[in-house]
Amino acid sequence: MNLIEELRWRGMVQDIMPGTEEQLLKEMTTAYVGFDPTADSLHVGSLVPILLLVHLQRAGHKPLALVGGATGMVGDPSFKAAERKMLDLDTLKHNQAGIKAQLEKFLDFDPAKPNAAEMVNNYDWFQNITFLDFIRDTGKHITVNYMMAKDSVRRRIEGDSGMSFTEFTYQLIQGYDFYHLYTHKNCKLQMGGSDQWGNIVTGTELVRRKADGEAFAFTCPLMKKADGTKFGKSENGNVWLDPKLTSPYQFYQFWLNATDVDAANYIKIFTLLEHAEIDALIEAHQHAPEQRQLQKRLAKELTIFIHSEKDYEFALKASELLFRNDTADVLQTLTEDQLMDVMDGVPQVEVSLADLQAGKDIVTFLAETAIFPSKTEARKMVQGGGVSINKLKVEGIEKSIDTSLLLRDKYILVQKGKRNYYLVIAR
RNA sequence: GGGCAGGUUCCAGAGUGGCCAAAUGGGGCGGACUGUAAAUCCGCUGAUUCGUCUUCAUAGGUUCGAAUCCUAUCCUGCCCA
């Protein structure tokens with residue numbers, strides 16, 4: 001199976017330019033994917049393009065990871081409803097560094113290898129290009145008509161929020177990246193999410209007109225859940241790759257919570273498991289869906305891939321303890337070390353021991369620990385039966401919190417809903 | 001620069017002097033069922049010491065009373081130059 005066939009099987013090819021497959025079969029090809037420095041960490045959504053690069057490199061080609069220092073200053077308008085917020089330079093620099101550090105984990109940068117991965121930053125070449133140079137040398141090659149015809153742009157123009165010139169320029173800037181990499185790195189292929197198709201094609205067009213060369217492209221489908229909602233969100237927002245932002249436990253839980261339909265798709269896209277194994281897993285899952293073998297394997301593979309074997313073991317242990325039926329009893333028997341071990345990835349909040357000794361009503365307690373943003377919300381949630389303490393459901397707002405609830409004289413396990421845990425530590 | 005239409009709670013979008021913390025839909029959250037699934041059903045979705053308080057672009061004003069009327073300002077879209 002060649003690379004494209006492989007990716008097709010995994011459901012990772014949306015649009016592909018004619019000749020791309022032939023190019024990949026012909027020779028070792030350099031290809032790139034761009035990453036936006038909108039935050040200082042990548043999130044699970046960025047995993048798809050990362051995996052494109054990983055597959056590419058495994059197939060013997062050379063991956064380039066482009067960090068969009070320059071494009072990040074402009075903001076990609078593609079399919080966005082409204083004008084993007086501008087990030088200041090310091091933030092951008094900080095974000096670029098963070099993303100770069102993460103990407104280094106997933107690709108092989110060993111310079112001894114002919115297909116060693118490389119990291120590039122488009123700010124490096126854009127910082128020296130003046131506006132006049134750019135519009136004369138590059139802008140000339142592409143018509144506004146062409147740019148406006150792009151679906152990603154047309155929607156904004158036809159919408160009622162408009163689009164600034166800055167954002168309109170974006171596809172040209174990105175297109176120039178491709179041209180630059182083509183001429184400087186012999187890069188002939190750009191990949192990305194399907195929302196990038198328009199921008200990518202502008203790049204191949206520039207390569208053709210300005211360098212008289214031939215460049216290729218393919219995109220992968222934008223990740224969505226089976227019900228059409230956005231992929232990569234949990235109750236607490238984005239699921240990040242940075243363990244400081246999303247702990248390995250939370251990360252593990254994210255994948256474990258995938259629906260059956262999603263899990264079957266994810267396992268192909270996000271893991272490097274062989275076909276036979278994936279087929280077997282899917283079949284096993286269909287026979288006994290309640291065992292959730294797919295989700296468990298998916299969560300395991302991803303947690304190890306992004307974090308580590310050890311992180312996975314902690315996440316697994318914590319998950320098994322927190323979600324078993326007799327947890328309320330087990331909790332009481334755990335030693336402090338065992339507790340800390342298991343609760344490692346659970347968000348922790350502190351409360352003063354003196355306050356607890358005095359006793360506190362549940363609503364105030366939940367609001368002060370910031371487990372809920374306001375007393376009103378805390379009260380509603382308790383009344384709706386959505387809060388448990390040490391795995392026992394809180395029956396009413398009269399409940400008072402005091403030292404008698406402490407586990408090992410120090411901890412209280414608060415549960416919001418079915419699967420959101422907080423460890424309160426008394427100090 | 002001129003004309004027109006707009007800016008409402010997370011989003012879309014009603015409301016055009018009191019019955020408005022503001023319809024409806026979506027999203028989100030929670031509950032029941034279950035498998036930490038899907039589907040379905042139910043509840044919540046500004047804050048609160050439950051007296052009220054702060055909100056309908058911003059600042060003033062009219063009025064007993066304004067999201068709704070007036071004035072200025074800012075922002076957006078469309079058309080004309």
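Proteins get letters first, then strands, A, B, ... in listed order; numbering begins at 1 in each.
- For the pair A:Lys375 NZ and B:C44 P, the interatomic distance rounds to 23 Å; values are reported in whole Å.
- B:C4 and B:U54 have their P atoms separated by 36 Å, given to the nearest Å.
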With a 3.5 Å cut-off and sequence neighbours excluded, list the donor-acceptor pairs that the side chains of residues 276-287 of chain A form with protein atoms.
residue  : atom : partner  : partner atom : Å
A:Glu277 : OE2  : A:Arg297 : NH1          : 3.0
A:Glu277 : OE2  : A:Arg297 : NH2          : 3.0
A:His285 : NE2  : A:Gln295 : OE1          : 3.4

Expected rows: protein N/O vs nucleotides 26-29 of chain B N/O, under 3.5 Å:
none

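- Applying the side-chain contact (heavy atoms from CB on, under 4.5 Å) criterion to A:Thr143, with sequence neighbours excluded, gives A:Asn145, A:Tyr146.
- Base contact: A:Arg379 has a heavy atom under 4.0 Å from a base atom.
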Interface polar pairs with nucleotides 33-36 of chain B, N/O, under 3.5 angstrom:
residue : atom : partner  : partner atom : Å
B:U34   : O4   : A:Lys418 : NZ           : 2.6
B:G35   : O6   : A:Asp260 : OD2          : 3.4
B:G35   : N1   : A:Asp260 : OD1          : 3.3
B:G35   : N1   : A:Asp260 : OD2          : 2.8
B:G35   : N2   : A:Asp260 : OD1          : 2.6
B:U36   : O2'  : A:Asn257 : OD1          : 2.6
B:U36   : O2'  : A:Arg419 : NH1          : 3.1
B:U36   : O2   : A:Gln253 : OE1          : 3.0
B:U36   : O2   : A:Asn257 : OD1          : 3.2
B:U36   : N3   : A:Gln253 : OE1          : 3.0
B:U36   : N3   : A:Gln253 : NE2          : 3.2
B:U36   : O4   : A:Gln253 : NE2          : 3.2

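- B:G1 sits 44 Å from B:G28 when the P atoms are compared, rounded to a whole Å.
- A:Tyr249 is linked by a ring pair (Phe, Tyr, Trp, His ring centres under 6.0 Å) to nothing, counting only residues two or more places apart in sequence or in another chain.
- To the nearest angstrom, P of B:A32 lies 16 Å from CD of A:Gln383.
- Taking A:Ala217 as the reference, A:Met17, A:Trp197, A:Ile200, A:Thr204 meet the side-chain contact (heavy atoms from CB on, under 4.5 Å) condition, with sequence neighbours excluded.
- Judged by closest nucleotide on RNA chain B, A:Val261 is the one of A:Ala367 and A:Val261 placed further toward the 5' end.
- No engagement by A:Lys296 is indicated, since no non-hydrogen atom pair under 4.0 Å with the nucleic acid exists.
- A 4.5 Å side-chain heavy-atom check between A:Ile142 and A:Met147 finds at least one atom pair inside the cut-off.
- Annotated as anti: B:G26, whose glycosidic dihedral deviates from 0 by more than 90°.
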Can you give me every donor-acceptor pair (side chain of residues 97-107 of chain A, partner residue at least two apart or in another chain, under 3.5 Å) with its distance?
residue  : atom : partner  : partner atom : Å
A:Gln102 : OE1  : A:Leu42  : N            : 2.7
A:Gln102 : NE2  : A:Ser41  : OG           : 2.9
A:Lys105 : NZ   : A:Ile306 : O            : 2.9

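- A gap of 40 Å separates the P atoms of B:U36 and B:C50, to the nearest Å.
- The P atoms of B:G31 and B:U58 are separated by 36 Å, rounded to the nearest whole Å.
- Nucleotides B:C80 and B:G18, compared at atom P, are 39 Å apart to the nearest Å.
- Distance check on atom C1': B:G13 versus B:A67 gives 14 Å, rounded to whole Å.
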Give every donor-acceptor pair under 3.5 Å between a side-chain atom in residues 394-407 of chain A and any protein atom, sequence neighbours left out.
residue  : atom : partner  : partner atom : Å
A:Asp402 : OD1  : A:Ser404 : N            : 2.9
A:Asp402 : OD1  : A:Ser404 : OG           : 2.5

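- B:U49 and B:G15 have their C1' atoms separated by 33 Å, given to the nearest Å.
- Remark: A:Phe314 pairs with A:Lys310, A:Lys317, A:Asp341 by the side-chain contact (heavy atoms from CB on, under 4.5 Å) rule, at least two apart or across chains.
- B:U63 and B:G77 have their C1' atoms separated by 33 Å, given to the nearest Å.
- Residue A:Glu290 places its CD atom among more than 12 non-hydrogen atoms of other residues, nucleotides or ligands, all under 6.0 Å distant.
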